[in-house]
Protein chains: 2
Amino acid sequence: MGYQIELRHFTYFLAVAEELHFRKAADRLFISQPGLSRQIKQMEEIIGVTLFIRNKRKVSLTVAGEYLKKELDYIFNHIDFTIKQTRLIDKGSDGEIRIGFLGSAMQTIIPELLIKVNEQYSNVQFSLEEMSNHLQVEGIEKDQLDLGFVRLARVPKGIQMKTVHVDTFSLVLPKNHYLEEKNFKNIAQVSDQHFILFSSDYSSLYYDKIMSICEDKGFTPKVSHKSVHAQTIFKLVESGLGVAIVPTSLQYGFDLGVKFLEIPKISQKATLSVIWKQDNRNPVLEKIWRFL
Amino acid sequence: MGYQIELRHFTYFLAVAEELHFRKAADRLFISQPGLSRQIKQMEEIIGVTLFIRNKRKVSLTVAGEYLKKELDYIFNHIDFTIKQTRLIDKGSDGEIRIGFLGSAMQTIIPELLIKVNEQYSNVQFSLEEMSNHLQVEGIEKDQLDLGFVRLARVPKGIQMKTVHVDTFSLVLPKNHYLEEKNFKNIAQVSDQHFILFSSDYSSLYYDKIMSICEDKGFTPKVSHKSVHAQTIFKLVESGLGVAIVPTSLQYGFDLGVKFLEIPKISQKATLSVIWKQDNRNPVLEKIWRFL
DNA sequence: CTATTTGATAACCCATAGTTATTAATCAAT
DNA sequence: ATTGATTAATAACTATGGGTTATCAAATAG
């Protein structure tokens with residue numbers, strides 16, 4: 001039977017591979033179970049490989065099926081993005097670029113980038129999403145993201161990294177706090193305060209750096225609260241629940257009842273880096289590359 | 001009409017995009033022209049993009065179509081390879097790895113690699129093809145090759161390179177030539193001879209190095225013949241048509257009427273490098289990586 | 001031992017890929 | 001202009017095969 005493999009087969013295969021249950025997969029696909037069974041069987045015949053082990057009571061993937069699932073996930077992602085890009089290009093757009101970023105990057109580097117790119121390529125569309133370091137790395141690896149703005153010491157193989165901004169750290173205090181620029185000499189002056197920090201799973205490098213800043217001055221901070229949003233942290237500081245240490249550039253763009261005091265004489269820097277995949281196939285990336 | 005895009009559409013689209021002629025494309029696909037026309041039209045409707053400009057006398061791709069063609073070429077290549085790998089895994093094989101190499105790599109590094117990998121993973125299949133530096137780089141870029149063994153100073157972005165073997169150069173002479181190991185001091189002793197070299201388009205770095213070896217000794221070689229095959233070069237030397245300079249390791253594995261004299265006191269080295277793409281998706285590559 | 005769950009089989013139906021026949025437009029050559 | 005050749009689109013038809021319902025057979029649970 002000289003059948004031909006089609007995307008339909010792949011779609012059905014993935015549904016069964018995920019559900020590991022023919023009827024549930026069929027429901028999800030809005031087709032009948034026998035129809036699904038036949039298509040899967042046909043697919044196995046076409047490529048000549050048993051993909052599922054049916055134990056009459058349990059369905060599981062073979063090793064080959066496992067491999068195929070992983071690749072087909074990637075292939076579908078690529079096809080979807082390609083069609084999306086094709087539509088954008090057709091509409092006269094220069095395409096879309098998908099950017100992930102830490103909140104702090106929104107204060108400095110990202111707005112600059114958007115403005116510069118927009119001047120040159122007014123038809124490039126941006127898809128911006130705030131997300132953690134970890135999720136950005138994952139997004140880049142899975143080709144679901146073109147650029148990421150992270151604070152990381154190193155990234156997995158296959159991902160490129162380049163520093164785009166080096167920032168100092170600032171102490172964040174309630175507006176009515178007794179410390180001022182003139183009488184602020186040393187971070188140890190707040191060693192007895194409670195600290196509010198970014199969660200370590202949002203950015204573990206950040207977390208470690210804050211710890212080392214304090215340790216260098218001879219104390220371990222009492223961490224009372226953690227959050228993933230700068231705004232939340234500021235609100236907590238404003239409410240008198242503690243103090244915080246954050247990258248200095250975060251003081252712009254918010255209108256809150258806190259004050260920033262740049263921490264003098266410390267070696268730690270808040271480095272922001274872009275990450276990307278070397279052989280990203282999004283043509284937009286080449287265009288905007290020189291703006292980084 | 002809630003149609004669904006299928007690989008069939010992609011196949012047909014690529015045929016028309018290549019032929020730029022509906023009837024010819026239809027012939028190639030062994031279907032009728034109206035059938036093809038309708039499928040293309042349907043595809044355009046599904047993704048909502050005009051892919052071809054039909055001037056009633058000439059068919060051409062739109063910008064969006066051009067982009068789509070490039071990506072679909074890549075996607076089909078990926079799908080084909082994935083299915084091939086799936087079949088191999090199913091057969092108990094650990095998959096296939098596609099290696100390109102310069103002839104000279106077959107003397108040293110490649111046989112070693114094959115033996116070592118085979119000990120550990122007896123089910124990994126090798127696809128070996130001798131090809132020029134240039135074609136290897138192209139193969140790597142298009143994901144049609146997993147590893148390349150080249151002699152290059154640098155490679156395009158997105159491709160990784162690592163030196164695996166550093167070799168000296170040897171002078172190749174007919175067996176009855178008056179120069180012997182004892183009376184061979186300097187390459188200038190053959191400055192009046194004709195030279196037979198590898199073609200510069202087979203390996204331009206090699207070509208440049210040979211030239212610089214001679215220039216360092218104060219002469220420009222008279223190049224009388226060029227070839228892409230070591231065997232041919234040796235045959236020409238044997239026939240008395242000239243002398244050659246090649247990487248020393250080439251002396252093993254051939255049984256020819258020529259003799260090798262290692263060239264003393266020169267700075268030039270014949271460096272052989274592996275090249276690969278960082279995010280190659282062939283799982284076999286990871287496995288054999290440590291053997292390099 | 002019965003009830004239930006689940007995938008495979010069998011037989012049928014109809015949507016649609018592909019067919020043939022024809023038309024309409026464009027161009028080249030007289 | 002007229003004719004002829006090329007080429008894609010349209011129209012009408014055909015039949016393959018994807019999807020359906022009904023049913024079975026094996027495997028577990030209670």
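Because the structure is a prediction, the values reported are computed rather than measured. FYI, side chains are in, hydrogens and waters are out, and symmetry mates aren't considered; it's all heavy atoms of this structure. Chain letters run A, B, ... following the sequence lines, proteins first, then strands; residues in each count from 1.
Using a 4.0 Å heavy-atom criterion, one finds that Y12(A) contacts the sugar-phosphate atoms exclusively. Heavy atoms of E6(B) sit nowhere under 4.0 angstrom from any nucleic acid atom.
In this structure, the CD atom of Q4(A) is 12 Å from the P atom of dG18(D), given to the nearest Å. Note: CZ (R23(A)) to C1' (dA8(C)) measures 15 Å, nearest angstrom. Regarding K58(B), its NZ atom lies at a distance of 16 Å from the C1' atom of dA28(C), rounded to whole Å. Between the P atom of dT16(C) and the NE2 atom of H9(B) lies a distance of 11 Å, rounded to the nearest Å. Between the C1' atom of dA26(D) and the CD1 atom of I53(A) lies a distance of 18 Å, rounded to the nearest Å. In this entry the distance linking CZ of F22(B) with C1' of dA25(C) reads 15 Å, nearest Å. As a whole-Å value, the separation of Q42(B) CD from dA15(C) C1' is 12 Å. In this structure, CD of E45(A) is placed 13 Å from C1' of dA8(C), rounded to the nearest angstrom.
For dG18(D), the OP1/OP2 oxygens have a side-chain nitrogen or oxygen of R8(A) closer than 4.0 Å. Between dA8(D) and R54(B), no contact under 4.0 Å exists linking OP1 or OP2 to a side-chain N or O.
For the contact set between residues 31-41 of chain A and DNA chain D, defined by any heavy atom under 4.0 Å, the members are I31(A), S32(A), P34(A), G35(A), R38(A), Q39(A).
For the pair R98(B) and F126(B), the cation-pi criterion (under 6.0 Å, within 45° of the ring axis) is not fulfilled.
Judged purely by distance below 3.5 Å, without hydrogens or angles, the side chains of R8(A) and Q39(A) pair a donor atom with an acceptor atom. Side-chain atoms of T62(B) and E66(B) form no donor-acceptor pair, as typed in the model, at a separation below 3.5 Å. Side-chain contact of N280(B) with D146(B): a donor-acceptor pair under 3.5 Å is present, judged by distance alone. Using modelled atom types and a 3.5 Å distance limit, the side chains of N282(B) and Q85(B) yield a donor-acceptor pair.
For E44(A) and R54(A), the salt-bridge test passes: some basic side-chain N is under 4.0 Å from an acidic carboxylate O.
Taking the six-membered ring for Trp and thresholds of 30 and 60 degrees, F52(A) and F13(A) have ring planes inclined between 30 and 60 degrees apart.
Closest to the H21(A) side chain, of the nucleotides dG19(D), dA17(C), dG7(C), is dG7(C).
Residue whose closest nucleotide on DNA chain D sits further toward the 5' end, between F30(A) and L20(B): L20(B).
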